[in-house]
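The structure appears right after this line, and notes come after that.
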Amino acid sequence: DAGVIQSPRHEVTEMGQEVTLRCKPISGHNSLFWYRQTMMRGLELLIYFNNNVPIDDSGMPEDRFSAKMPNASFSTLKIQPSEPRDSAVYFCASSLVTYEQYFGPGTRLTVT
Amino acid sequence: KNEVEQSPQNLTAQEGEFITINCSYSVGISALHWLQQHPGGGIVSLFMLSSGKKKHGRLIATINIQEKHSSLHITASHPRDSAVYICAVNQGGKLIFGQGTELSVKP
């Protein structure tokens, strides 16, 4: 298996633009997680899905952030409009019910 | 106070030394994870444990549920072990992370 796939790996955008991050989980995994990592706050859970259904989105910072999982093999995290404080590394991870999570390589987002 | 506390935050060791990183937590958990993040940024799961002890190569992880404490040990440390080690607790399916321990092993 190729592992968790994220795209793009790097994204540089201007303030106010829409940003879409993509994730393909490991085939067969039924849970998907979006995390954000910054120097100040470390790793934080943004949202997670079980069987494509959002279970906990309490970590989503504000209405500018939205996430979808239209099917078991694809998820998106969208920021609209983006702001400089959104600059971070965004990780996607997937797991089976055993809870061990497999992380993707991350997307490094820079908002100027 | 953070729900997951790691110590030390930074650690420098000489090659060959025995290393211990500690993690304490204050919430009920179903499991505890130890993760490794190399300078390139990728995150790898080292251990997931809910009781006792696990060993993988030179790495050993222990957990004491009653004391809400876990340790990660590295025996015969090597410069390639240099990384950030992150403790995370699983609470209802979601992970809560410690702030990480940055380990540097000098040759």
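Just so you know, these numbers use all the heavy atoms, side chains as well, and skip hydrogens, waters and symmetry mates. Within every chain, numbering begins at 1; the chains are lettered A, B, ... in the order of the sequence lines, protein sequences first and strands thereafter.
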Hydrophobic cluster membership, [X] vs [Y], 4.5 Å side-chain cutoff:
X: A:Val19; Y: A:Met60; answer: yes
X: B:Ile19; Y: B:Phe47; answer: yes
X: B:Trp34; Y: B:Ile96; answer: yes
X: B:Val44; Y: B:Phe97; answer: no

| message | Does any backbone or side-chain atom of B:Ile86 lie under 4.5 Å from a heavy atom of chain A? Answer side chain, backbone, both or neither. | response |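 Interface part for B:Ile86: side chain.
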| Is it true that atom CZ of A:Arg64 has more than 12 heavy atoms of other residues, nucleotides or ligands lying nearer than 6.0 Å? |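 Yes, enclosed.
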| field | Within 6.0 Å of NZ in A:Lys68, more than 12 heavy atoms from elsewhere | value |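 It does not: A:Lys68 NZ has 12 such atoms or fewer within range.
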Looking at every heavy atom in both [X] and [Y], which two are closest together, and how far apart are they?
X: A:Glu100; Y: B:Met48; result: N-SD, 3.4 Å
X: B:Ser45; Y: A:Gln101; result: CB-O, 3.7 Å
X: B:Lys94; Y: A:Phe33; result: CA-CE2, 4.5 Å

| task | Check whether A:Phe91 gets within reach of chain B through its side chain, its backbone, both or neither, counting any heavy atom under 4.5 Å. | result |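 It is the side chain, since no backbone atom gets that close.
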| request: Decide side-chain contact (heavy atoms from CB on, under 4.5 Å) for B:Leu95 and A:Tyr35; before the verdict, give the C-alpha distance in whole Å, the side-chain angles of both, and the deciding distance to 0.1 Å. | output: CA-CA 10 Å; B:Leu95 294 186; A:Tyr35 297 102; 3.7 Å; yes
| message | Counting heavy-atom pairs under 4.5 Å with chain B, which one of A:Asp56, A:Leu43, A:Val89 comes out on top? | response |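 Result: the option with the highest number of such pairs is A:Leu43.
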